[in-house]
Amino acid sequence: MTEAVLFCPSHHAMPVARFDYGWRPAPGFTRDRMAFETPQGERVAHVARLNGLRHRARGLRVYLGHGCDPEEVEEIRFMARTGRFIIMEEPKR
């Protein structure tokens, strides 16, 4: 299975993970190094800036949170169309 990340601003990450996706903090979670665990036990890292995605492997699964810069979201969508990333879900709000 490929790596997965939650892309959203830091101050939105916890509510997006908990309420929009139903995730909980993963073991080792800190405010500086947020990571979440899905109900299926998968670990999802948090990324707040587009530069944090650039070095990741092709096929990265990206969950989008609310509050992101629209230009960054559009760039992620463009990269998804080219096959670089896979957008898994956008927030329900």
Side-chain angles (χ1 to χ4, degrees):
M1 185 177 288
T2 57
E3 182 183 14
V5 299
L6 169 63
F7 182 81
C8 72
S10 294
H11 58 284
H12 286 282
M14 187 60 117
V16 166
R18 185 174 286 153
F19 300 116
D20 291 356
Y21 296 129
W23 302 339
R24 62 182 180 269
F29 175 96
T30 66
R31 289 279 174 206
D32 295 329
R33 213 160 239 199
M34 289 189 245
F36 303 96
E37 197 170 84
T38 69
Q40 296 77 26
E42 178 185 19
R43 188 177 176 93
V44 179
H46 170 254
V47 176
R49 304 208 185 284
L50 197 55
N51 285 341
L53 296 176
R54 297 197 191 282
H55 70 282
R56 306 280 180 142
R58 185 173 191 80
L60 176 72
R61 292 176 302 123
V62 180
Y63 292 86
L64 293 172
H66 55 81
C68 299
D69 178 332
E71 290 180 10
E72 290 181 339
V73 171
E74 193 50 46
E75 189 165 341
I76 290 169
R77 286 181 181 137
F78 172 77
M79 288 188 265
R81 287 191 300 272
T82 65
R84 176 97 170 96
F85 300 140
I86 301 164
I87 296 176
M88 298 303 292
E89 196 173 338
E90 297 197 32
K92 297 171 178 71
R93 294 181 205 191

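Bear in mind the structure is a predicted one, so any value in this text is a computation, not a measurement.
Atom CZ of Arg49 has 12 or fewer neighbouring heavy atoms from other residues, nucleotides or ligands inside a 6.0 Å radius. Counting non-hydrogen atoms of other residues, nucleotides and ligands closer than 6.0 Å to CZ of Arg33 gives a total of 12 or fewer.
For Arg84 (side chain) and Arg54 (main-chain N/O), a donor-acceptor pair under 3.5 Å exists by modelled atom type.
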Quiz prompt | Intermediate values then yes/no, side-chain contact (heavy atoms from CB on, under 4.5 Å), His66 and His12 | solution = CA-CA 7 Å; His66 55 81; His12 286 282; 3.0 Å; yes
Quiz prompt | Ile86/Val62 under side-chain contact (heavy atoms from CB on, under 4.5 Å): CA gap, chis, key distance, verdict | solution = CA-CA 6 Å; Ile86 301 164; Val62 180; over 6 Å; no
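The aromatic ring centroids of Phe36 and Tyr21 lie 6.0 Å or more from each other.
A salt bridge links Arg81 to Glu74: one of the charged nitrogens lies within less than 4.0 Å of a carboxylate oxygen. Salt bridge status for Arg61 with Glu89: absent, with no side-chain N to carboxylate O gap under 4.0 Å. A salt bridge links Glu37 with Arg24; the closest basic N to acidic carboxylate O contact falls under 4.0 Å. Electrostatic pairing of Arg77 and Glu90 counts as a salt bridge here, judged by a charged N lying under 4.0 Å from a carboxylate O.
For the pair Phe29/Met34, a side-chain contact is recorded, criterion being any heavy-atom separation below 4.5 Å from C-beta on. Between Leu50 and Met79 the shortest side-chain heavy-atom distance falls below 4.5 Å. Within the 4.5 Å cutoff, no side-chain heavy atoms of Arg43 are placed close to those of Glu3. Between Leu64 and Val73 the shortest side-chain heavy-atom distance falls below 4.5 Å. At a threshold of 4.5 Å between non-hydrogen side-chain atoms, the residues Tyr63 and Cys8 do not count as touching. Put simply, the side chain of Arg56 reaches to within 4.5 Å of the side chain of Val5, judged on heavy atoms. Using a 4.5 Å heavy-atom cutoff, the side chains of Val47 and Leu6 are not in contact.
Taken to the nearest 0.5 Å, the NE2 atom of His55 stands 9.0 Å off from the CG atom of Leu60. Interatomic distance, Phe19 CZ to Met14 CE, rounded to the nearest 0.5 Å: 9.5 Å. Distance CD/Glu75 to CG/Leu53: 9.5 Å, rounded to 0.5 Å. With rounding to the nearest 0.5 Å, the separation of CZ in Phe7 from CD1 in Ile87 is 10.5 Å.
What you find for Glu42 and Ala4 is that their closest heavy atoms are OE2-CB, 3.7 Å.
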